[in-house]
Amino acid sequence: MNTFKSAIYSFLILSVILAGCAGNPRNAVSETAANDKPNIVVIYLDDLGYGDVSAYGAREIHTPNIDRLATEGVMFTDGHASSSTCTPSRYALLTGVYPWRNKDAKILPGTAPLIIDTAQITLPKMLKQQGYYTGAVGKWHLGLGTGNVNWNEHVSPGPNEVGFDYAYIMAATQDRVPTVYLENGLVQGLDPNDPIEVSYSKNFEGEPTGLKNPELTTMKWEHGHNNSIVNGIPRIGFMKGGEKARWSDVDMADHFLAKAKDYVKQHKNEPFFLYYAMQQPHVPRTPNPRFVGSTNLGPRGDVIVEADWCVGEFIKTLEEEGILENTLIIFSSDNGPVLNDGYYDEAVERIGNHDQNGGLRGGKYSLFEAGTRVPFITYWKGKIEAQKSDALICQMDLLASLAKLAGTEVKTTDSQELLDVLMGKSKQGRKSLVLEASTRTALREGNWLMIPPYKGPAVAAHVNIELGNSPEFQLYNLMDDLGQQENVAGANPEQLELMIEHYKEAIGSLNSEVEQLELK
Ligand code: NG6
Ligand code: CA
């Protein structure tokens with residue numbers, strides 16, 4: 001080959017290489033550089049219990065896809081939501097702030113204003129500042145607008161104003177109106193000639209309700225949930241109009257999955273963050289017909305299998321797009337499990353041998369362990385070594401930890417930087433954590449859990465869950481007694497005193513209900 005020809009060949013080869021790089025910017029950077037800013041996906045389920053996943057011990061429900069994350073990643077056995085209900089946990093996850101610092105961070109109606117301050121640093125905002133494209137798909141439940149939302153116009157502020165470049169959401173919960181999806185603040189499929197009206201105080205004239213028209217319902221309400229009827233399901237709150245925009249409950253999982261997949265495909269060439277907030281197994285449990293009967297537990301079990309399938313399909317997309325190795329997946333749940341949460345759906349009757357709590361006491365709404373200790377998994381193919389971790393960690397810690405991963409630092413009081421723990425490189429988790437249930441709080445320190453005295457029922461009657469209320473101080477040693485069967489406050493007065501002191505320091509004057517308690 002003469003010099004001229006070989007020069008041409010070299011030029012052609014170089015051109016091919018460069019063209020390849022231009023097509024996929026990731027190829028242009030070294031592997032280490034690319035991994036500096038991996039994609040980050042938070043898969044967040046709604047009311048999934050510690051014992052609802054087969055990797056965590058479930059035998060009556062098979063969750064092979066979530067199990068894959070758990071067995072090939074870090075499976076945390078002491079990972080916590082910040083609260084035992086939805087809104088406060090999501091608030092803490094996205095802001096890195098304890099929910100009890102914000103009096104509005106409680107279960108919200110579908111008409112509530114946004115409770116995140118738009119000036120506040122958030123997980124998506126921080127990642128956006130680091131060059132990430134940020135998106136939310138699924139359940140929001142953090143409020144929208146500033147009050148008196150007009151659902152027929154652009155609804156704002158919302159996810160887009162707190163750091164999400166893209167948002168495809170349901171406003172509140174599957175059991176609350178409005179039963180429509182919003183994409184970047186706009187109700188999808190809305191016919192302007194059929195405007196939506198929403199109220200949480202009174203019904204619209206002539207509209208049927210679950211209370212007055214049980215004959216129109218296909219799912220029966222047990223407590224609450226007797227206002228407007230949509231798709232045969234009576235909901236919380238009243239809604240009129242927007243017929244064409246109303247979601248299909250049985251297609252919701254597929255719908256969110258499709259949006260999450262599209263999002264990945266559209267942003268695979270840049271670092272992206274996705275908050276994929278599934279609606280299962282919150283009520284109303286409406287498995288797609290493909291999943292009906294996939295467990296013997298009725299709809300609650302079936303929607304968990306459906307959610308697991310979604311996880312599998314989602315991972316498949318990352319694989320097909322060639323970005324699984326460059327994506328950190330964090331899987332968790334917003335709070336612990338509940339069986340009857342207001343509808344008759346056989347969750348209680350068909351529970352059989354399944355233990356949604358995985359041996360823990362309490363459940364959703366509770367200060368006992370099952371309220372906040374949830375499946376918590378980190379997975380990053382080729383980067384995270386498979387292991388179990390008993391480190392104490394909380395979803396609130398994602399802000400500071402993922403900031404480190406993204407190459408920055410955030411000033412936070414509550415969120416702790418535990419990136420090495422998330423990555424399975426360290427088992428030194430938190431030393432302490434304040435846990436919340438409604439506005440009640442408890443202190444975890446090492447293996448000790450201290451619950452101050454609270455008025456109120458020991459058991460929430462309808463949901464049949466022990467709330468953790470007692471006229472006495474409670475102290476549990478979780479090392480020997482994970483099931484919290486024995487209050488050892490009396491036997492450990494010094495430990496109790498110490499924890500009361502630390503509790504007061506941690507809570508300060510910020511929790512009004514706790515202030516009213518007479519701490520001995
Ligand atoms: C409760 C609802 C419950 C559920 C919960 C919120 C009644 C009687 N109960 O008020 O069904 O919607 O709020 O759940 O209405 S969470 O997971 O979003 O916190
Ligand atoms: Ca929830």
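Both counts, for ligands and for their atoms, begin at 1 and track the order of listing. What you see is a predicted model; the values in this text were computed from it and never measured.
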K.L.:
Does NZ or CZ of Arg290 lie under 6.0 Å from the centre of the six-membered ring of Trp309, at an angle within 45° of the ring axis?
P.N.:
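Checked: cation-pi criterion met.
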
K.L.:
Measure the acute angle between the ring planes of Tyr276 and Phe314, then classify it against the limits of 30° and 60° as parallel, tilted or perpendicular.
P.N.:
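Geometry flag for Phe314 against Tyr276: tilted rings.
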
K.L.:
Which heavy-atom pair separates Ala370 from Gly362 by the least distance, and what is that distance?
P.N.:
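Heavy-atom minimum between the residues: CB-C, 3.7 Å.
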
K.L.:
Please check if any side-chain donor atom of His255 sits under 3.5 Å from a side-chain acceptor atom of Tyr168, or the reverse.
P.N.:
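Short answer, yes.
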
K.L.:
Does the side chain of Met170 come within less than 4.5 Å of Gln279's, by heavy atoms?
P.N.:
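SC-SC contact between Gln279 and Met170 confirmed.
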
K.L.:
Would you say Glu369 and Tyr50 are linked by a side-chain donor-acceptor pair, where the criterion is simply a distance under 3.5 Å?
P.N.:
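On atom types as modelled, these side chains do not qualify, holding no pair under 3.5 Å.
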
K.L.:
Using a cut-off of under 3.5 Å, which N/O atoms of ligand 1 pair up with protein N/O atoms, and what distance separates each pair?
P.N.:
residue  : atom   : partner : partner atom : Å
ligand 1 : 10 (O) : Arg176  : NH2          : 3.4
ligand 1 : 11 (O) : Asp175  : OD2          : 3.1
ligand 1 : 11 (O) : His225  : NE2          : 3.0
ligand 1 : 11 (O) : Asp341  : O            : 2.8
ligand 1 : 12 (O) : Asp175  : OD1          : 3.4
ligand 1 : 12 (O) : Asp175  : OD2          : 2.6
ligand 1 : 12 (O) : Arg176  : NH1          : 2.8
ligand 1 : 13 (O) : Arg176  : NH2          : 3.0
ligand 1 : 14 (O) : His282  : NE2          : 3.0
ligand 1 : 14 (O) : Lys364  : NZ           : 2.7
ligand 1 : 17 (O) : Asp46   : OD1          : 3.4
ligand 1 : 17 (O) : Asp47   : OD1          : 3.1
ligand 1 : 17 (O) : His282  : NE2          : 3.4
ligand 1 : 17 (O) : Lys364  : NZ           : 3.0
ligand 1 : 18 (O) : Lys139  : NZ           : 3.0
ligand 1 : 18 (O) : His141  : ND1          : 3.4
ligand 1 : 19 (O) : Cys86   : N            : 2.9

K.L.:
Using the side chain to side chain contact (heavy atoms under 4.5 Å, CB included) criterion, which residues pair with Tyr200? Sequence neighbours excluded.
P.N.:
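With neighbours one apart ignored, the set is Pro109, Thr111, Arg176, Val177, Val198, Ile236.
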
K.L.:
Could you pull out the N/O/S protein atoms under 3.0 Å of the Ca ion (ligand 2), ignoring any water?
P.N.:
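Within the sphere that stays under 3.0 Å of the Ca ion (ligand 2), the protein atoms of type N, O or S are Asp46 OD1, Asp47 OD1, Asp334 OD1, Asp334 OD2, Asn335 OD1.
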
K.L.:
Does the side chain of Asp262 pick up a donor-acceptor pair with the side chain of Tyr166 at under 3.5 Å?
P.N.:
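The answer is no; no qualifying pair exists.
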
K.L.:
Run the side-chain donor-acceptor check on residues 114-126: report pairs under 3.5 Å with partners two or more places apart or on a different chain.
P.N.:
residue : atom : partner : partner atom : Å
Asp117  : OD1  : Ala119  : N            : 2.9
Gln120  : OE1  : Asp117  : N            : 3.0
Gln120  : NE2  : Tyr91   : OH           : 3.2
Thr122  : OG1  : Lys125  : N            : 3.0
Thr122  : OG1  : Val162  : O            : 2.6
Lys125  : NZ   : Thr118  : O            : 2.5
Lys125  : NZ   : Gln120  : O            : 2.8

